[in-house]
Amino acid sequence: MRGVQFADAAIAPVNPYVGSAEESANAARQVAADGAQIIFLDCVGYTQAMADDVTRITGVPAITARSLAVRLVAAVA
């Protein structure tokens, strides 16, 4: 059996409730510059509009925790 291989993670903290749009954009640019192939917005406070902005700014697909949760429920329903 082969082991599971994980990629490195780039992390840039931003609070979706009190962080500014500029902070979010800078964090997105940072993880994209670090080579991110996908950006996961890990708090339910992030909206799809925020994820769309991240993708627009970086060219990297972004997914929210909300979207992931809905996709997981749909997969088992």
Side-chain angles (χ1 to χ4, degrees):
M1 179 177 199
R2 296 181 76 180
V4 177
Q5 190 172 18
F6 293 95
D8 292 332
I11 300 169
V14 176
N15 185 325
Y17 301 107
V18 297
S20 69
E22 183 178 344
E23 287 176 300
S24 295
N26 288 338
R29 286 186 196 98
Q30 177 184 330
V31 296
D34 287 344
Q37 295 177 347
I38 188 169
I39 298 174
F40 179 60
L41 305 177
D42 66 340
C43 176
V44 296
Y46 290 111
T47 66
Q48 187 58 49
M50 291 172 171
D52 293 344
D53 286 344
V54 166
T55 298
R56 181 182 49 75
I57 290 165
T58 64
V60 177
I63 186 169
T64 65
R66 292 179 195 184
S67 176
L68 180 60
V70 169
R71 291 172 191 204
L72 288 172
V73 170
V76 298

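For the residue pair Pro16 and Cys43, the shortest heavy atom distance occurs at CG-SG, 3.8 Å. Val31 and Ala12 get closest at one heavy-atom pair: CG1-CB, 3.8 Å.
Clustering ILVMFWY residues whenever any of their side-chain heavy atoms sit less than 4.5 angstrom apart, transitively, puts Leu72 in the very cluster that holds Phe40. The hydrophobic cluster containing Val14 also contains Val60, counting ILVMFWY residues as joined when their side-chain heavy atoms lie under 4.5 angstrom apart, directly or transitively. Cluster membership check: Val70 does not share its hydrophobic cluster with Leu68, using side-chain heavy-atom separations under 4.5 Å among Ile, Leu, Val, Met, Phe, Trp and Tyr. Hydrophobic clustering of Ile, Leu, Val, Met, Phe, Trp and Tyr side chains at less than 4.5 Å, counting indirect connections, keeps Ile11 apart from Val44.
Between Gln48 atom CD and Ile63 atom CD1 the span is 8.5 Å, to the nearest 0.5 Å. With rounding to the nearest 0.5 Å, the separation of CZ in Arg66 from OG1 in Thr47 is 6.5 Å. The line from CG of Asp53 to OG1 of Thr58 is 10.5 Å long, rounded to the nearest 0.5 Å. Between the CD atom of Gln37 and the CD1 atom of Ile39 there is a distance of 11.0 Å, given to the nearest 0.5 Å.
Thr55 places a side-chain N or O within donor-acceptor distance of the main-chain N or O of Ala62, the cut-off being under 3.5 Å.
In this model, no donor atom of one side chain and acceptor atom of the other lie less than 3.5 Å apart for Gln30 and Asn26.
Contact of the Tyr46 side chain with the Val54 side chain is not registered, since no non-hydrogen atoms from C-beta on lie closer than 4.5 Å.
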